[in-house]
Visitor: 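Shown below is the structure under consideration.
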Amino acid sequence: MRPLLWLLLVVSVAANLWVSLLSGYTGAEEVVASVTTGSVVLGSVVGLWLTRSRSRTS
């Protein structure tokens, strides 16, 4: 599960950069694409946080 979440995070960050810098989208297209990729980024970060190891080594 965690490797899939990491892959999803990396791909969605790359997609967000592509949308922001190289896609040529303007207006509503750019907003929709950016919100979509941003939501995937946030979802994968939350998933990684919820599946983190909770053992303390202090």
Side-chain angles (χ1 to χ4, degrees):
M1 177 74 166
R2 286 184 58 84
L4 179 62
L5 288 170
W6 277 110
L7 178 65
L8 191 61
L9 178 64
V10 170
V11 169
S12 57
V13 167
N16 200 338
L17 286 172
W18 181 80
V19 166
S20 298
L21 301 175
L22 302 173
S23 68
Y25 293 155
T26 57
E29 286 180 322
E30 184 177 5
V31 171
V32 169
S34 186
V35 166
T36 302
T37 57
S39 298
V40 175
V41 167
L42 290 176
S44 59
V45 167
V46 168
L48 284 168
W49 183 73
L50 290 173
T51 60
R52 74 191 186 283
S53 176
R54 291 187 171 89
S55 62
R56 286 196 173 191
T57 58
S58 50

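Starting from 1, each residue takes its place in the sequence as its number. Both backbone and side-chain heavy atoms feed into the values below; hydrogens, waters and symmetry mates do not.
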Visitor: With respect to V41, which candidate in V10, L8, L9 satisfies the side chain to side chain contact (heavy atoms under 4.5 Å, CB included) definition?
Guide: L9
Visitor: Using modelled atom types only, decide if a donor and an acceptor are shared between the side chain of S20 and the backbone of L17 within a distance under 3.5 Å.
Guide: no
Visitor: Could you tabulate the donor-acceptor pairs under 3.5 Å formed by side-chain atoms of residues 24-31, not counting sequence neighbours?
Guide:
none

Visitor: Using the rule that Ile, Leu, Val, Met, Phe, Trp and Tyr join whenever any side-chain heavy atoms are under 4.5 Å apart, tell me whether L50 and L48 fall into a single cluster.
Guide: no
Visitor: If you compare all heavy atoms of S34 against all heavy atoms of N16, which two are closest, and at what distance to 0.1 Å?
Guide: OG-OD1, 3.8 Å
Visitor: Counting neighbours of CH2 on W6 that are heavy atoms of other residues, nucleotides or ligands and sit closer than 6.0 Å, is the number greater than 12?
Guide: no
Visitor: Indicate, with yes or no, if V40 and L42 share a hydrophobic cluster defined by side-chain heavy-atom contacts under 4.5 Å among Ile, Leu, Val, Met, Phe, Trp and Tyr.
Guide: no
Visitor: To check you understand the geometry: which heavy-atom pair defines the closest contact between L5 and S44, and what is its length?
Guide: O-CB, 3.8 Å
